[in-house]
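Below, chain A is the first sequence line, B the second, and so on; all start at residue 1. None of the values given here were measured: they were computed from a predicted structure. Only this structure's heavy atoms are used, side chains among them; waters, hydrogens and symmetry mates stay out.
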Amino acid sequence: MLRMSTLFLRTLREDPVDAEVASHRLLVRGGYIRRAAPGGYTWLPLGWIVYRNVERIVREEMDAAGFQEVHFPAMLPREPYEISNRWTEYGDNLFRLKDRRGNDFLLAPTHEEMFTLLVKDLYSSYKDLPLHIYQIQTKYRDEARPRAGLLRSREFVMKDSYSFDIDDAGLQVSYDQHRAAYINTFDRLHLPYVIVSAMSGAMGGSASEEFLAPIEVGEDTFVRCTSCDYAANTEAVQVRPPVATSWQGATAAVVADTPDTPTIQTLVDLVNARADLRHPERDWTAADTLKNVVVKLKHPDGTFSALAVGLPGDREVDMKRLEAQVGPAEVVAFEADDFAKNPSLVKGYIGPGSLGKDQPSGIPYLVDPRVVDGSAWITGADAPGRHVMYLTMGRDFTPDGVIEAAEVHGGDPCPNCGESLEIARGIEIGHIFQLGRKYAKSLGLTVLDHNGKQVTVTMGSYGIGVSRAVAAIAETVADDKGLCWPREISPADVHIVITGKPADPQGPAAEQLAAELEAAGARVLLDDRVGVSPGIKFNDAELLGVPTIVVVGKGLAGGTIEVKDRNTGERVDVAVDEIVPYLLDICGIRH
RNA sequence: CGGGGUGUAGCGCAGCUUGGUAGCGCGCCACGUUCGGGACGUGGAGGCCGGGAGUUCAAAUCUCCCCACCCCGACCA
């Protein structure tokens, strides 16, 4: 039994000044967590109970799916990560340290390499596959900017699983099994989620989906279709390209003097105002222009290369989307020095005429999928103060390829059904992806197939942010008074508040009730503090968020005890001799 | 990494402009009263004023350097 009189807990009357989001604020105010380091939190007794409940549910669901738990060290040697190239690719986000001999170690941000090597160590036959193993482990990532309490910290707990299969069909089955297990897990955690298509990012691999809890303070932006079930992380949205057309009979390209048109808007205004340049039937819009943006890519080995992106002028380059495409390279600005080294680039008037591997600049030129064969554009003429009109793709220019890097707008057509997309935000609580053979290949994980031939194993990787899930749950259940935990996650089933003077009969009655409930299997938090005013007790009970609040107070004289539902706020008075079975029913405990 | 901000008691803050005994509210301790929505009285404890150097008879306060943390952006599972 938890007793408020002795519990290592101090609730705060005021919001912590550094907490912005509800989960962070309330978990600190309620005495669940305390900040110990930038991006590192201490779990206090109530918080640790909640954390363990979440962890237990995750573990039970993994076990129920037939996955086997293992446990690796968090501190690992450099070599495996050197082989997979992630020692370099992870960059500054990797916590690195040295032992006394100067050997490099790291605090693992994730464990693909180690799982792969472990399986290589023990297994060598297709008969051993498929295999699903997982761990629940502390992970370390040296985030540039930890924030929002547990939502983004530098030390956090992740459940990571890995599947090993002999072929792609097997991987698909394993992936589906994990997907189903995740659905069960998040349902049981009472976490709302949207499953979105995702990019695999630094992990490598192909098919990938994220489980996002749709919460405004989330850091991930995703789109979903207002009509069909399409949903995708913004980075993974595939633009629905228009139909390519023939350029037979299309207007010939013409170069026009367009002085003082440094921006898309000034350009559009000018061509609409000039009789010789006006569109024959309608006004030109920014979407008729082709904007060419040159960026520099910083590669993991420290070298730089340039890249040009062509996209409709009504859209900016979305850096996240671009980086998702060019990763692990980082995108940095193309600066004045760089222009100086490429005299064929005329700042503000860059056009397809100078871009492309075979063009004067030699810079690879990738265009937005909306730039299809036969589409005509107003774009830079590679000369100061000049633009070219009706420049037609396929006829007048041919880029080196296509890239998904333009920002996504609410109202854009769904790539699946063509209806309108909407933009929303969420917290990433789970991520599943088909890694394929990247790690198995680089680390040499092969088995003999039924023909006695060596084949490379194909893998899947699956993660749930366990500590983050605690915050995400808190975020979804928070109200203006405090938290309201799902029963299975709550630190207790019932929170019993005693009111009245110390010598009143409420004390002994509450003690007896608590003892009976505990004997029947309910978890009780008893507010037996003496000399604390009832207002404080009621407020603390609402802040802490145990789903059922029981008040043993003034009603006792009339033979009743008050039961309050934290979620709905409903109160009922229950007769003393019926209270135990009544509460056990609420708690779902058979008696 | 860029922009902005803050460091004074456990928490939240004032004091700094114009240098001169370290303050307030909450919390904490003792005693008494109160006891269903953050009670009251009386008396207490608790500070290297983020760190270092400088100016000065004298620095929380002025100057310089450093550090830490927070927010926005960049970045990021």
Side-chain angles (χ1 to χ4, degrees), chain A residues 10-21 24 28-29 31 34-35 37-40 89-94 108-112 139-149 151-154 156-160 198-203 208-212 218-221 233 235 298 318-320 322-324 327-328 330-333 426-433 461-469 472 481-482 497-504 506-507 527 529-543 549 551-557 562 564 571:
Chain A
R10 181 107 307 147
T11 57
L12 304 180
R13 179 180 298 216
E14 295 174 75
D15 284 334
V17 70
D18 56 349
E20 286 282 301
V21 303
H24 186 196
V28 172
R29 261 192 69 199
R34 296 292 295 178
R35 199 186 75 95
E89 283 182 11
Y90 245 102
D92 290 339
N93 274 352
L94 195 62
T110 173
H111 279 76
E112 276 78 4
K139 308 288 186 188
Y140 298 87
R141 296 188 193 172
D142 189 1
E143 296 289 344
R145 192 179 150 213
R147 68 176 119 185
L151 284 179
R152 172 162 238 88
S153 49
R154 298 202 292 178
F156 58 99
V157 178
M158 182 159 102
K159 186 289 302 172
D160 49 328
M199 298 293 295
S200 38
M203 299 295 170
S208 165
E209 289 172 294
E210 288 172 358
F211 287 70
L212 299 182
E219 296 185 84
D220 286 81
T221 309
N233 191 302
E235 296 161 27
K298 183 183 179 189
D318 182 323
M319 284 301 167
K320 285 188 180 181
L322 178 56
E323 292 213 333
E330 289 174 48
V331 177
V332 296
I427 297 170
E428 183 183 346
I429 48 176
H431 197 162
I432 53 179
F433 36 103
S461 160
Y462 317 89
I464 290 177
V466 181
S467 47
R468 176 183 280 184
K481 292 193 172 85
V497 172
I498 302 172
T499 67
K501 300 176 193 175
D504 286 347
Q506 285 92 317
D527 193 344
R529 290 177 291 180
V530 175
V532 173
S533 78
I536 290 177
K537 291 185 173 182
F538 293 144
N539 282 319
D540 276 349
E542 281 154 350
L543 173 62
I549 298 169
V551 183
V552 183
K554 64 183 180 187
L556 192 66
E562 180 182 313
K564 184 170 164 183
R571 312 173 182 201

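B:G19 sits 33 Å from B:G3 when the C1' atoms are compared, rounded to a whole Å. As rounded to the nearest Å, B:C29 and B:G20 have P atoms that lie 36 Å from one another. With both ends at atom P, the span from B:C16 to B:A22 equals 16 Å, rounded to whole Å. Comparing the P positions of B:C62 and B:A68 gives an interatomic distance of 23 Å, to the nearest angstrom. Comparing the P positions of B:G37 and B:G47 gives an interatomic distance of 37 Å, to the nearest angstrom. As rounded to the nearest Å, B:A39 and B:G27 have P atoms that lie 8 Å from one another. Only the C1' atoms considered, B:U61 is 10 Å distant from B:U17, to the nearest whole Å. Straight-line distance between the C1' atoms of B:A45 and B:C26: roughly 16 Å, to the nearest whole Å.
Across every strand in view, B:U18 sits unpaired, with no contact that passes the Watson-Crick or G-U test at under 3.5 angstrom. Using Watson-Crick or G-U wobble geometry with both donor-acceptor distances under 3.5 Å, B:U6 finds its partner in B:A68. The partner of B:C62, taking Watson-Crick or G-U wobble pairs whose two distances both stay under 3.5 Å, is B:G54. Across every strand in view, B:G12 sits in a pair with B:C24 that passes the Watson-Crick or G-U test at under 3.5 angstrom. Taking a pair to require two hydrogen-bonding distances under 3.5 Å in either a Watson-Crick or a G-U wobble arrangement, B:C76 remains unpaired. Of all nucleotides present, none satisfies the Watson-Crick or G-U wobble test against B:G36 with each distance under 3.5 Å. Pair assignment for B:G47: none, as no Watson-Crick or G-U wobble contacts are both less than 3.5 Å. Using N1 to N3 plus N6-O4 or O6-N4 for Watson-Crick, or N1-O2 and O6-N3 for G-U wobble, each under 3.5 Å, B:A30 pairs with B:U42.
Between A:His24 atom NE2 and B:C70 atom C1' the separation is 10 Å, expressed in whole Å. The nearest whole Å value for the distance from the CZ atom in A:Arg10 to the P atom in B:C26 is 16 Å. Between A:Glu143 atom CD and B:C71 atom P there is a gap of 13 Å when expressed in whole angstrom units.
In plain terms, the two heavy atoms of A:Arg141 and A:Phe156 that are nearest each other are NE-CZ, 3.8 Å. Across all their heavy atoms, A:Arg529 and A:Asp540 have their closest contact at NH2-OD2, 3.0 Å. A:Leu151 and A:Val21 get closest at one heavy-atom pair: CD1-CG2, 4.3 Å. Between A:Ser461 and A:Glu112, the closest heavy-atom pair is OG-OE2, 2.9 Å. When all heavy atoms of A:Gly553 and A:Thr499 are compared, the pair lying nearest together is CA-OG1, 3.1 Å.
Under a 3.5 Å cut-off, the side chain of A:Lys537 and the backbone N or O of A:Ile498 do form a donor-acceptor pair. A donor-acceptor distance shorter than 3.5 angstrom exists from the side chain of A:Arg29 to the backbone of A:Leu12, with no hydrogens or angles considered.
For A:Asp220, there are no salt bridge (Lys or Arg N to Asp or Glu O under 4.0 Å) partners, not counting sequence neighbours.
If you find the closest nucleotide of RNA chain B to A:Gly39 and to A:Ser153, the one lying nearer the 5' end belongs to A:Gly39.
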Revision key, fill the gap. Readout for nucleotides 35-47 of chain B: B = base within 4.0 Å of protein heavy atom, S = sugar-phosphate only, - = neither; 5' to 3' it is BBBBS--------
